Amino acid sequence: MAVSDWKKSVVYQVYPKSFNDSTGDGTGDIRGIIEKLDYLAFLGVDYIWLTPVYESPMRDNGYDISNYYEINPEFGTKEDLKALMDEAHEKGLKVMLDLAFNHTSTAHPWFVESKKSKDNPYRDYYIWKDGTYDSPPTSWESKFGGNAWQYDDNTNQYYLRLFDVTQADLNWDNEKVRSEIYEMINYWIDFGVDGFRFDVVNLLSKGEFKDSDGPGKEFYTDGPRIHEYIHEMNRRTFGGKEIMTVGEMSSTTIDHCIKYTAPEREELNSVFNFHHLKVDYPGGEKWTDASYDFILLKETLMKWQLGIHEGNGWNAIFWCNHDQPRVVSRFGKDDTEENRVRSAKMLAISLHGLQGTPYIYQGEEIGMTNPGFSRIDQYRDVETLNAYDILREKGYSYQQVMDILKKKSRDNARTPMQWDGSPHAGFTDGEPWIETAPNYPEINAEKAVADETSVFYTYKKLIEMRHEMEILTSGDIRPMLMKDRNLFVYERTLDGESLLVIANYSDKYVAWPEEVARDGEVLISNYDVKDNELRPFEALMIYRK
Ligand code: NOJ
């Protein structure tokens, strides 16, 4: 693959709806992103990834696309996008778009046609199956709750929708669908984009349509023709061009991810997997307020690090995105300002020592927290609102559901970016589409940039290190003290150099472990001087040659 820099790059994810509003309508927009490019260039990231900005009814905030070729007027115009790309390029930043083509919105003209009759030329663009009114074709569950098939009384058939009822799954076994999608990808390549994030791209190939004992994932996850389709997409679109690609992989395996990213297979540059973020899903259940399993977090991260390294694949490394709660509230501690700053830096240091392409989600670089919503009317997310109904039907009390959503809702990540201490954190002059976290007077970008000891500068330094240190890119990794209940420790090594990463995930003092040498040069840390103990949330990277 021609693109050469994705292994040393750091990507910043922008959720346009919540980033910066330039018009005062309460919703972020592309012009608003342009206003903040200097901030991103100062942070030092290489790529900006925008979640979908195409025409969409916005049931799932843009992941329900109704026209792949037009920009949602809420976000601006194609000229705005062009201007964003031009100005980003002038500042040395590249722009990645997000494409969701496992499904389209049911408002997409293809689906509108498809729904009309069984012999419509677009019928086979989607997955329609027989079933009776109260008995869907299979028992599969939607990722957003309920059965994954939606009945249509016009033709007495069901269409598959692995996500919302308004997100109908495309039929990738239909060659015409694939060609339409490739044409569209080429359109955006010609437009000048630098890369793509592909939404749930390992779900494209559906296998057999059979009942399952569980939610049915085994029939469509990394399905039978998935590698063939991704390879074909590569050959017919971005392959051989300076285009960086990352595939979002749902419930995938290391073996598949090696296949998706091993260069000789000509599929993708890199993948996201989410196993390390399911460590607070006891028994696989997301909707609980359980705290996370630290040992499982370490085991999962290390299993993937070793497996992908050995197989010559390539991973994205990340804590946060628009679907995940804020990491400082999740694996750190946000009860006091001291704990918040220390644990946010510790989490950054312990992640950015790993192998892979680091991703930073807007606001993570200033240690933004979950907003602490306590009422259902504060939430906007379709998955959250579905979960609310389902949990209430199951008999959970209102308060129990609020406690769960406060920890797990995707809206935890979607509150407005906190720019400064002015009303609504400087995000908008109007009323924001979702409330701002109340802590914006203390936690905001203006304050963070003005304070060289802030979380922001830890991220800035880690980005510089990623650019400069080959050991971070290609060094081997050795997990250490895997059974330790407080410390996350590993060593990267390359040609006689070593980089030790040691992080105390607890708010207690922990003795420096005997097995770990303390000598060497501290390259980054969240405390001023080294001590005999590891202090609450202390983290260091120590270099030796
Ligand atoms: C993953 C996206 O990140 C998420 O926000 C979306 O709801 C689903 N895919 C469906 O497109």
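Both counts, for ligands and for their atoms, begin at 1 and track the order of listing. From a predicted model like this one, the values you see are computed outputs, not experimental measurements.
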Please tabulate protein-ligand N/O pairs under 3.5 Å for ligand 1, atom names and distances to 0.1 Å.
residue, atom, partner, partner atom, Å
ligand 1, 3 (O), Arg197, NH2, 3.1
ligand 1, 3 (O), His322, NE2, 2.8
ligand 1, 3 (O), Asp323, OD2, 2.5
ligand 1, 5 (O), His322, NE2, 3.0
ligand 1, 5 (O), Asp323, OD1, 2.7
ligand 1, 5 (O), Asp323, OD2, 3.4
ligand 1, 5 (O), Arg410, NH1, 3.4
ligand 1, 7 (O), Asp60, OD1, 3.3
ligand 1, 7 (O), Asp60, OD2, 2.5
ligand 1, 7 (O), Arg410, NH1, 2.9
ligand 1, 9 (N), Asp199, OD1, 2.8
ligand 1, 9 (N), Asp199, OD2, 3.2
ligand 1, 11 (O), His103, NE2, 2.9
ligand 1, 11 (O), Asp199, OD2, 2.7

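In terms of the side chain to side chain donor-acceptor pair (under 3.5 Å) criterion, residue partners of Thr155 (sequence neighbours excluded) are, by chain and number, Arg123, Asp152. Tyr187 is linked by a ring-ring contact (aromatic ring centres under 6.0 Å, His included) to Tyr69, counting only residues two or more places apart in sequence or in another chain. Every residue meeting the ring-ring contact (aromatic ring centres under 6.0 Å, His included) condition with Trp304, not counting sequence neighbours, appears here in chain and number order: His275.
Distance check: Tyr12 OH to Leu40 CG gives 5.5 Å after rounding to the nearest 0.5 Å.
Around atom NZ of Lys82, more than 12 heavy atoms belonging to other residues, nucleotides or ligands sit under 6.0 Å away.
Taking a cutoff of 4.0 Å between a charged side-chain nitrogen and a carboxylate oxygen, Lys7 and Asp5 do not qualify as a salt bridge.
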